[in-house]
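Working notes for the structure below.
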Amino acid sequence: MEPLYIPQLANRKDRTLEIIVDRSIPEFETLTPVRGKINVKHGGTYLEVSAQAETIITLKCDRCLQQYNHRLVLDTNEIIWLEAESEEPARHGVEVKSELEDLVESLPPDGHFPPDVWLYEQLCLSVPLRQLCNLNCAGISPVGAPIPEPVKQVETLDSRWGILETLRERLENN
Ligand SMILES: [Zn+2]
């Protein structure tokens, strides 16, 4: 997926570009290709980017530590503001910015939008924080856990020999 030149997007019919996705995403391990579509619309002062896609990933259960397959369904919509980069220093002035403002991504109006980077980020965000193979997963089963070994007789014998040794030393010293 080539980065989109943003001004070119404004010249398209409906100012919109639909990208069909059917591929693996670098750095994001999946069992099946990521399939779906990304829709990028130029809104004048912003880009409206949405995606519907799905794939299957392998996760590790937090409770039983077994690996399991998870169908990841992405259905997201994001506004990316188009702001010239020269405006940046002013925005970091004395003004106290709200936390929300910090979260909003922005791009220069004459810059490029990288669909693959954006999709990668969205996929990472959609990975569940709580990973359970099954909602009723009971966790690690005690069945099959190693049985503690019985205390070895040798140790007892050793301590007896130890007492004898002490006695022998005492006798010799007398
Ligand atoms: Zn589990």
Side-chain angles (χ1 to χ4, degrees), residues 1-6 9 14-43 46-83 88 91-92 96-108 111-159:
M1 281 182 279
E2 291 293 305
L4 304 178
Y5 183 49
I6 295 167
L9 190 63
D14 299 330
R15 301 179 137 222
T16 300
L17 178 67
E18 190 178 87
I19 304 162
I20 301 296
V21 183
D22 186 358
R23 50 171 287 176
S24 57
I25 304 295
E27 314 279 316
F28 192 83
E29 212 174 298
T30 55
L31 288 179
T32 57
V34 178
R35 292 200 178 96
K37 60 181 182 178
I38 305 174
N39 200 286
V40 192
K41 185 180 165 70
H42 197 304
Y46 61 90
L47 293 183
E48 186 179 350
V49 191
S50 61
Q52 288 80 41
E54 62 177 69
T55 185
I56 295 172
I57 56 172
T58 302
L59 297 177
K60 194 164 155 191
C61 178
D62 292 336
R63 284 189 198 157
C64 68
L65 307 178
Q66 295 294 310
Q67 288 196 333
Y68 67 99
N69 293 340
H70 174 77
R71 180 177 295 272
L72 200 66
V73 180
L74 190 69
D75 188 1
T76 186
N77 192 305
E78 192 186 21
I79 298 290
I80 298 170
W81 296 102
L82 298 176
E83 290 177 314
E88 277 296 301
R91 293 179 67 221
H92 291 288
V96 178
K97 292 199 295 174
S98 70
E99 278 183 36
L100 183 68
E101 218 178 336
D102 282 329
L103 291 172
V104 175
E105 279 195 62
S106 67
L107 284 171
H112 290 80
F113 170 72
D116 48 354
V117 176
W118 182 83
L119 184 60
Y120 169 79
E121 288 175 357
Q122 302 303 314
L123 287 168
C124 290
L125 289 171
S126 65
V127 173
L129 290 177
R130 193 167 183 230
Q131 301 179 358
L132 291 180
C133 64
N134 178 321
L135 280 178
N136 300 319
C137 174
I140 297 169
S141 162
V143 176
I147 300 155
E149 285 180 45
V151 179
K152 284 177 187 168
Q153 290 284 312
V154 183
E155 284 168 32
T156 332
L157 283 175
D158 279 351
S159 61

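Read the numbers this way: they start at 1 and go in the same order the structure lists the ligands and their atoms.
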Next on the checklist: Could you check whether any side-chain heavy atom of Leu82 comes within less than 4.5 Å of a side-chain heavy atom of Leu107, counting everything from C-beta outward?
Outcome noted: yes
Next on the checklist: Under the rule for side chain to side chain contact (heavy atoms under 4.5 Å, CB included), what residues qualify as partners of Gln131, not counting sequence neighbours?
Outcome noted: Leu59, Asp62, Tyr68, Val127
Item to check | Whether Tyr120 and Phe28 hold their rings parallel, tilted or perpendicular, with breakpoints at 30° and 60° | outcome: perpendicular
Next on the checklist: Strictly under 2.8 Å of the Zn ion (ligand 1): which protein N/O/S atoms qualify?
Outcome noted: Cys61 SG, Cys64 SG, Cys133 SG, Cys137 SG
Next on the checklist: Determine whether Trp118 and Glu105 satisfy the following criterion, side-chain hydrogen bond (donor to acceptor under 3.5 Å, both in side chains), listing intermediate values before the conclusion.
Outcome noted: CA-CA 11 Å; Trp118 182 83; Glu105 279 195 62; 5.3 Å; no
Next on the checklist: Donor-acceptor pair, distance only, cut-off 3.5 Å: does the side chain of Thr32 make one with the backbone of Ile56?
Outcome noted: yes
Next on the checklist: Please find the pair of heavy atoms, one from Leu119 and one from Met1, that lie closest to each other, and give the distance.
Outcome noted: CD2-CE, 4.1 Å
